[in-house]
Amino acid sequence: MTPALSRLTQLLPMPTTTSPAPTWDTAETALGAALPADYRELVEAYGGGFVDGYLLLLEPGCANDVYDLLKVSAEREEANASLWQFEDRPSEMEADGNRLVCWGTTDNGEYLYWLVEPGDDPDSRAVMVNSASGEEWERYDMTVTRFLVAVLGGEVRSHILWDEFPRATHEFRAATEMGA
């Protein structure tokens, strides 16, 4: 267990049961991108689920398709492509071949992505947070697990994410325990 995941388990109670680990090769082929090792470890420990009644952690092939990383990421790529025909895109997306892969969303309509650059190291991808309006962006140069630790631990305060997130007492609800 990485130090970041170990710290996360101290902040965010783990579910009592998890679904089987995703078929990572299949997921990466469908995404056209390698997934970071910390994210794989995070999903194998927690699975897809709901953090503090607000943030949806996505999982490739999740049985509850609201939490399916493959489905949501494909929808977001299509939506962003349409939006960026008329709106400004983040400066990180100006470079040829850069793309965003969605790993999380919120009840308020914000999205959390990895910035995927051609030939990059999946384990050093930045986290990008997008407002519900699509106009505001924040960049965090840290892994998903480190980002969750920083937000839940109070080290990082996003100006995009809901003011009442995180809660004082953290809760994780597995996607498999909730209806679609």
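One is the number of the first residue; the rest follow in order along the sequence.
- Ala33 and Val116 get closest at one heavy-atom pair: CB-CG1, 4.3 Å.
- Of the possible donor and acceptor atoms, none in the side chain of Asp52 sits under 3.5 Å from a partner among the backbone N and O of Tyr54.
- Side chains of Pro60 and Tyr39 form a contact here, defined as non-hydrogen atoms less than 4.5 Å apart.
- Side chains of Val43 and Leu69 form no contact here, defined as non-hydrogen atoms less than 4.5 Å apart.
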ask   = What do the steps show when you test Ser158 against Val151 for side-chain contact (heavy atoms from CB on, under 4.5 Å), and what is the final call?
value = CA-CA 8 Å; Ser158 168; Val151 170; 5.7 Å; no
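- For the atom pair CE of Met128 and CD1 of Ile160, the computed distance is 9.0 Å after rounding to the nearest 0.5 Å.
- Met93 has its side chain within reach of Leu100: a pair of non-hydrogen atoms, C-beta onward, lies under 4.5 Å apart.
- Glu75 and Tyr111 are not linked by any side-chain donor-acceptor pair at a separation below 3.5 angstrom, with hydrogens and angles left out of the test.
- The number of heavy atoms from other shown groups lying within 6.0 Å of CD (Glu94) is above 12.
- Note: Glu110 CD to Glu136 CD = 9.5 Å, rounded to the nearest 0.5 Å.
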message = For Leu12 and Leu148: C-alpha separation, side-chain torsions, deciding distance, then whether side-chain contact (heavy atoms from CB on, under 4.5 Å) applies.
response = CA-CA 9 Å; Leu12 184 65; Leu148 292 173; 5.9 Å; no
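- Under the 4.5 Å side-chain criterion, counting only non-hydrogen atoms from C-beta, Asn98 is in contact with Glu117.
- Put simply, CD on Glu164 and CG on Leu161 are 13.0 Å apart, with the number rounded to the nearest 0.5 Å.
- Between the side chain of Arg157 and the main chain of Asp163, a donor-acceptor pair closer than 3.5 Å is present.
- Expressed to the nearest 0.5 Å, how far CG of Leu31 lies from OG1 of Thr26 amounts to 11.0 Å.
- Rounding to the nearest 0.5 Å places CG of Leu56 at 6.0 Å from CG of Asp107.
- For Arg173 (side chain) and Phe50 (main-chain N/O), no donor-acceptor pair under 3.5 Å exists by modelled atom type.
- By the 6.0 Å contact criterion, CG on Asp141 is enclosed, its count of non-hydrogen atoms from other residues, nucleotides or ligands being greater than 12.
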Leu112 vs Thr106, side-chain contact (heavy atoms from CB on, under 4.5 Å): CA-CA, chis, key distance, verdict = CA-CA 8 Å; Leu112 299 95; Thr106 73; 4.2 Å; yes
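- When side chains are defined from C-beta on, Arg125 does not count as touching Val101, because their heavy atoms never get closer than 4.5 Å.
- What you find for Met1 and Ser6 is that their closest heavy atoms are SD-CA, 3.5 Å.
- Between Tyr46 and Phe172, the ring-plane angle classifies as perpendicular under the 30° and 60° cut-offs.
- Under the 4.5 Å side-chain criterion, counting only non-hydrogen atoms from C-beta, Leu5 is not in contact with Val149.
- Glu87 places no side-chain N or O within donor-acceptor distance of the main-chain N or O of Glu135, the cut-off being under 3.5 Å.
- Between Arg146 and Asp38 there is no salt bridge, since no side-chain nitrogen of the basic residue lies less than 4.0 Å from a carboxylate oxygen of the acidic one.
- No donor-acceptor pair under 3.5 Å is formed between the side chain of Trp114 and the backbone N or O of Val127.
- Side-chain polar atoms of Ser133 and Ser131 form a donor-acceptor pair below 3.5 angstrom.
- Taking the side chain as every heavy atom from C-beta outward, Leu55 and Phe165 approach each other to under 4.5 Å.
- Here the closest heavy-atom approach between residue Pro15 and residue Ala174 is recorded as CB-CB, 4.3 Å.
- Between the Asp121 side chain and the Asp123 main chain, a donor and an acceptor come within less than 3.5 Å of each other.
- Here the CG-CE distance, from Leu8 to Met14, works out to 9.0 Å after rounding to the nearest 0.5 Å.
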key: Stepwise side-chain contact (heavy atoms from CB on, under 4.5 Å) test for Thr105 and Arg76   = CA-CA 10 Å; Thr105 185; Arg76 293 313 310 156; over 6 Å; no
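- Checked by atom type, the side-chain pair Thr145/Glu41 shows no donor-acceptor distance below 3.5 Å.
- The aromatic rings of Trp137 and Trp84 sit tilted, their planes meeting at an angle between 30° and 60°.
- Using a 4.5 Å heavy-atom threshold, the side chains of Glu59 and Tyr67 count as separate.
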